[in-house]
Amino acid sequence: IDESLSSDSPVTLTAKGASDAFEFEWGNLPAGAEVSADTKTVTFNMPGSDWAITVTGKATTLWKLEVSQTEGGTVAGTESGNYPDGTVVDLTATPNENYKFLGWYIGDHCEEESEHLTFALERDTSLVAKFEEKAKYALTIVSSEYGTIAGESGEYYEGTKVTLTATPNEGLVFVGWGDDAAPFGKATEITLTMDAAKTVSAKFGYTLTITPSEYGAIVPEPNGTVFEVGATVMLTATPNENCEFLSWQGDVTGDGATTTVTMDQDRTVAALYKDNKGRAHYEWGWKGEVKNDKGRVTGYIVAYEKPGD
């Protein structure tokens, strides 16, 4: 073009080739001129003198880009169309709720598994973003007559987080989780991630109180202080050095160092020991004489009253 323009007038020039497959090189541009990304347009303010601008066009290759998606998600970014060789394609796939993204496919081949994809267009390319509905897994909550589990049995989509809370009936305690929730231990509230079918149960029970003594120890097997309803707990009385076990007290009886207790209610147990001076020691209270096998008194019981009595 050859046109008279006033100084500082805004100017926009657009080059046209024989087809869209052209790139342009502009020459002798004024200071501050801006060339569009496709090189077809240049903008600037008219200098204060005559100015000659040159432009040279060259044919380029155009590649066809086709972008589509399956049901279950959307694609954003570079749209389908014809683009010059080397154009950077930028795409992002977003799955709908309860769907997952499988990958970017060309035919049956997965080119990329991440949701974000960028590449330089160097050939005709047909891309499909594939989505798939997430699997569903069954959650089964086992009921108990001794307590409740707050939560819902049913089917959940893969990855769903389900919160469960165990509450014992009055007079009982929560012992721990069972089945697929067993790894959560004794936390009364847990959150499950549904990555497979799961069965959940809760264990409820009673408290075993062992009265401490400075003259020996009582060791339960299995170890613990709370046990499931109906559990049988083995108790072993172990006297300290120079002491001797005499008998059981509380909710168990007998004079064998090992005994058992059934946890069908809260239980309290204690052990009676005799020291090397012939004195018996028991923390709840018991008194009398200690005699040898000939009936001779060899010592006396040191008695303590049971707390609260």
Contacts of [X] that satisfy salt bridge (Lys or Arg N to Asp or Glu O under 4.0 Å) - sequence neighbours left out:
X    : value
D85  : none
E115 : none
K203 : none
D124 : none

With rounding to the nearest 0.5 Å, note down the distance linking [atom1] in [X] to [atom2] in [Y].
X    : Y    : atom1 : atom2 : value
L121 : T61  : CG    : OG1   : 10.5 Å
N240 : S213 : CG    : OG    : 7.0 Å
S247 : Y273 : OG    : OH    : 10.5 Å
I190 : L164 : CD1   : CG    : 5.0 Å
W104 : L127 : CH2   : CG    : 6.5 Å
D255 : L246 : CG    : CG    : 9.0 Å

List the atom pairs, with distances to 0.1 Å, where a side-chain N or O of residues 169-182 and a protein N or O form a donor-acceptor pair under 3.5 Å, not counting sequence neighbours.
from, atom 1, to, atom 2, distance (Å)
N169, ND2, E145, O, 2.8
N169, ND2, Y146, O, 3.4
W177, NE1, A187, O, 2.6
D179, OD2, S201, OG, 2.7
D180, OD2, T199, N, 2.8

Donor-acceptor under 3.5 Å ([X] side chain, [Y] main chain):
X    : Y    : answer
N82  : L62  : no
S36  : T41  : yes
W63  : T87  : no
R267 : T262 : yes
T39  : F24  : yes

Sort and list the pairs that fulfil salt bridge (charged side-chain N to carboxylate O under 4.0 Å, His left out) and have at least one residue in residues 66-84, not counting sequence neighbours.
->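 Every pair satisfying salt bridge (charged side-chain N to carboxylate O under 4.0 Å, His left out) with a residue in residues 66-84: K64-E66.
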Using the salt bridge (charged side-chain N to carboxylate O under 4.0 Å, His left out) rule, collect all pairs that involve residues 217-246, keeping only residues at least two apart or in two chains.
->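 Qualifying pairs, neighbours excluded: E244-K274.
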Please list, one pair per line, the donor and acceptor atoms closer than 3.5 Å that link side chains of residues 152-163 to other protein atoms, with sequence neighbours excluded.
from, atom 1, to, atom 2, distance (Å)
S153, OG, I141, N, 2.9
Y156, OH, E152, O, 2.7
Y157, OH, E133, OE2, 2.8
T160, OG1, Y157, O, 2.7
K161, NZ, T193, OG1, 3.1
T163, OG1, T191, OG1, 3.4

Taking every non-hydrogen atom, the tightest pair across [X] and [Y]:
X    : Y    : value
T125 : F119 : CG2-CZ, 4.4 Å
S9   : S6   : OG-OG, 2.5 Å
M194 : L139 : CE-CB, 3.9 Å
C110 : G103 : SG-CA, 4.0 Å
M234 : T260 : CA-CG2, 4.1 Å
V67  : T78  : CG2-O, 4.1 Å

In terms of hydrophobic clustering (I, L, V, M, F, W, Y; side-chain heavy atoms under 4.5 Å; direct or indirect links), are [X] and [Y] co-clustered?
X    : Y    : result
Y215 : I210 : yes
V226 : V252 : no
L65  : Y105 : no
V233 : F204 : yes

Tell me, with the steps shown, if L13 and I53 meet side-chain contact (heavy atoms from CB on, under 4.5 Å).
-> CA-CA 10 Å; L13 300 177; I53 295 174; 4.1 Å; yes
Considering only heavy atoms from C-beta outward, does the side chain of [X] approach that of [Y] to under 4.5 Å?
X    : Y    : value
T253 : T259 : no
L208 : V269 : yes
T268 : T211 : yes

Go through K198 and D195 one step at a time and tell me if the side-chain contact (heavy atoms from CB on, under 4.5 Å) criterion holds.
-> CA-CA 9 Å; K198 296 181 185 291; D195 51 9; 3.2 Å; yes
Derivation of the side-chain contact (heavy atoms from CB on, under 4.5 Å) call for W248 and L235 = CA-CA 10 Å; W248 294 99; L235 303 173; 3.8 Å; yes
Who pairs with K186 by side chain to side chain donor-acceptor pair (under 3.5 Å), at least two apart in sequence or on another chain?
->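 For K186 there are no side chain to side chain donor-acceptor pair (under 3.5 Å) partners, ignoring immediate neighbours.
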Report, one line per pair, each donor and acceptor closer than 3.5 Å where one atom sits in a side chain of residues 88-102; sequence neighbours left out.
from, atom 1, to, atom 2, distance (Å)
D90, OD1, H116, NE2, 3.0

Show me the side-chain donor-acceptor pairs of residues 42-50 shorter than 3.5 Å, one per line, residues at least two apart or across chains.
none

Got a sec, which pairs hit side-chain hydrogen bond (donor to acceptor under 3.5 Å, both in side chains) with one end in residues 24-33, sequence neighbours left out?
->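 Residue pairs with at least one partner in residues 24-33: there are none.
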Step-by-step side-chain contact (heavy atoms from CB on, under 4.5 Å) determination, L192 to F184 | CA-CA 9 Å; L192 288 175; F184 288 93; 3.4 Å; yes
